[in-house]
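Report on the following structure.
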Amino acid sequence: VAESKEKVADLKHREEANMGNLMGKVSFIEQLIEKETQAFICEIAAKVPDWINECEPSAGLGVIFTTKADIENVSHELVDYATEKIKEAQEVWRKEQLEPRIKTEIDEFKHLAEGYVAEFKKKMGEAEGDLTGEESEYGSGDIDAFYIDNGIDQTIFADLIATAAPTVAVGICMGFLSFLSPWLLIPALLGTGGISRLLNKESKMANIKSSVGQEMAKQIQLDGFSKLKAKPATLSDRLKEIIEKFKSVFDREIEGAQARADQALADSNLNDQEVEDRKKQYAEILERAQGLAKQNETFLSAL
């Protein structure tokens, strides 16, 4: 019984450590998504000036732009062109890099979590066996039985891959594009003396392209990083929900095993007390018998 109680206590320690490891995996996935997105933003910011430079606005390359309206019109065309290139690059990045990486991490999380389930079932079976003195059936069966017995959806990880991973990727891409509108970028380009600087140069297309490319790259890096702070938490929340479900099952089973071990120990102590009481009773009976024997001897000697 004492050995069973030790194994149950060890189960509790293992559960706490394992659940902590799973939470650490969630944090790793969050950091991974942020790191991957930051790298993509830097890559896009570096490509924008080249994309803008390859654009051929309808105004033509040889024109000298002398009015604010001229510069704004060309700038809008340049930003629109670069934004479309960014959308194309994002779609490739989302499908070929971000989503596959997220799916790989979910698979690793699943493997880790189900490994803990298998370990838990085995250790619980050993603890139950110590209580009964027989080989326990608790640890038998596969992971599917764990899901069914505890009312957990067996497709929970497949659903994560099918829905949560794309949701995160699309959400990041949508947030990233939300600040690339010409109506947001052009004022930054032409403000704080930008328009005067261009007009003073009797701007040709090369000057405008250079200014728009630099400004757009700067805004992508500044605003793109800030958008990461508002990235969708769908995946992290879902993973944490799974951890809570597993933890709830483990806690319930451990509490039951603790109660059974405590009861077995109490029964064992009670049995020991019964033995002591019996010994005491036998000693009292023996003492009375010995006393009667002496009385008989005294009586017989007096005859």
Side-chain angles (χ1 to χ4, degrees), residues 10-40 90-127 136-176 228-257:
D10 180 62
L11 263 176
K12 184 62 178 176
H13 292 313
R14 285 175 178 270
E15 181 224 1
E16 292 173 351
N18 291 343
M19 294 303 100
N21 289 340
L22 289 177
M23 288 299 293
K25 183 65 173 175
V26 174
S27 296
F28 173 81
I29 292 173
E30 291 175 342
Q31 294 169 9
L32 173 68
I33 292 173
E34 183 167 329
K35 181 180 178 181
E36 292 285 329
T37 308
Q38 285 180 337
F40 175 72
Q90 272 193 327
E91 189 65 10
V92 172
W93 172 71
R94 180 179 70 83
K95 290 182 177 180
E96 297 183 3
Q97 295 186 45
L98 185 60
E99 282 188 31
R101 189 65 192 275
I102 292 175
K103 291 175 181 178
T104 296
E105 294 303 323
I106 293 176
D107 280 338
E108 290 183 4
F109 181 93
K110 176 177 182 288
H111 180 74
L112 188 64
E114 292 184 346
Y116 291 152
V117 170
E119 177 188 83
F120 180 84
K121 287 166 67 70
K122 179 177 182 294
K123 295 295 183 182
M124 182 63 78
E126 292 174 356
S136 173
E137 294 295 324
Y138 186 92
S140 63
D142 56 22
I143 189 66
D144 291 337
F146 173 83
Y147 288 122
I148 294 171
D149 293 345
N150 296 287
I152 299 175
D153 185 0
Q154 291 176 268
T155 65
I156 192 167
F157 288 106
D159 289 343
L160 275 179
I161 292 176
T163 60
T167 297
V168 170
V170 172
I172 290 174
C173 290
M174 292 296 292
F176 182 60
L228 287 175
K229 304 303 179 184
K231 67 179 181 296
T234 305
L235 180 59
S236 296
D237 290 344
R238 294 278 299 279
L239 290 172
K240 290 174 183 177
E241 287 174 6
I242 293 174
I243 293 174
E244 284 302 315
K245 287 182 180 180
F246 281 30
K247 184 177 185 300
S248 176
V249 173
F250 293 161
D251 285 343
R252 184 174 66 247
E253 294 294 339
I254 289 172
E255 287 173 6

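- For the side-chain contact (heavy atoms from CB on, under 4.5 Å) criterion with F250, the lone passing option out of K245, E255, E16, E15 is E15.
- F246 meets the ring pair (Phe, Tyr, Trp, His ring centres under 6.0 Å) test with F146; sequence neighbours excluded.
- Pairing each heavy atom of R94 with each of P100, the nearest pair is O-CD, 4.0 Å.
- The structure places CZ of R252 at 11.5 Å from CD1 of I254, a figure rounded to the nearest 0.5 Å.
- The CZ atom of F109 sits 4.0 Å away from atom CD1 of I243, with the distance rounded to the nearest 0.5 Å.
- Every residue meeting the side-chain hydrogen bond (donor to acceptor under 3.5 Å, both in side chains) condition with D251, not counting sequence neighbours, appears here in chain and number order: K12, K247.
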Next item on the list: Go through the steps for E99 and K95 under the test salt bridge (charged side-chain N to carboxylate O under 4.0 Å, His left out), then give the verdict.
Entry: CA-CA 6 Å; E99 282 188 31; K95 290 182 177 180; over 6 Å; no
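- I242 contributes atom CD1, which lies 4.0 Å from atom CD1 of I156 (distance to the nearest 0.5 angstrom).
- To the nearest 0.5 Å, atom CD of residue E241 and atom OG of residue S236 are 11.0 Å apart.
- E36 contributes atom CD, which lies 7.0 Å from atom CD of Q97 (distance to the nearest 0.5 angstrom).
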Note to self: Please determine whether salt bridge (charged side-chain N to carboxylate O under 4.0 Å, His left out) holds for the pair K240 and E244, giving the CA-CA distance in whole Å, both sets of side-chain angles, and the decisive distance to 0.1 Å.
What the structure shows: CA-CA 6 Å; K240 290 174 183 177; E244 284 302 315; over 6 Å; no
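- Between atom CG of residue L22 and atom CG of residue L239 there is a gap of 9.5 Å, rounded to the nearest 0.5 Å.
- Residues I106 and L235 form a side-chain contact, since some pair of their non-hydrogen atoms from C-beta on lies under 4.5 Å apart.
- Applying the salt bridge (charged side-chain N to carboxylate O under 4.0 Å, His left out) test to E119 and every residue at least two apart in sequence or in another chain returns R14.
- Evaluation of the side chain to side chain contact (heavy atoms under 4.5 Å, CB included) rule for I148 yields Q154 as partners, not counting sequence neighbours.
- With sequence neighbours excluded, the residues forming a side chain to side chain contact (heavy atoms under 4.5 Å, CB included) with E114 are K110, I143, Y147, F157, listed by chain and number.
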Check: Does the salt bridge (charged side-chain N to carboxylate O under 4.0 Å, His left out) test come out yes or no for E105 and R101, once each step is laid out?
Finding: CA-CA 6 Å; E105 294 303 323; R101 189 65 192 275; 3.7 Å; yes
Next item on the list: Could you give me the CA-CA distance, side-chain angles and deciding distance for T163 and R238, then say whether side chain to side chain contact (heavy atoms under 4.5 Å, CB included) is met?
Entry: CA-CA 11 Å; T163 60; R238 294 278 299 279; 3.8 Å; yes
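- Not a single side-chain hydrogen bond (donor to acceptor under 3.5 Å, both in side chains) links D149 to another residue, sequence neighbours left out.
- Tested against I161, the residues D107, T155, I102 include a single side-chain contact (heavy atoms from CB on, under 4.5 Å) partner, D107.
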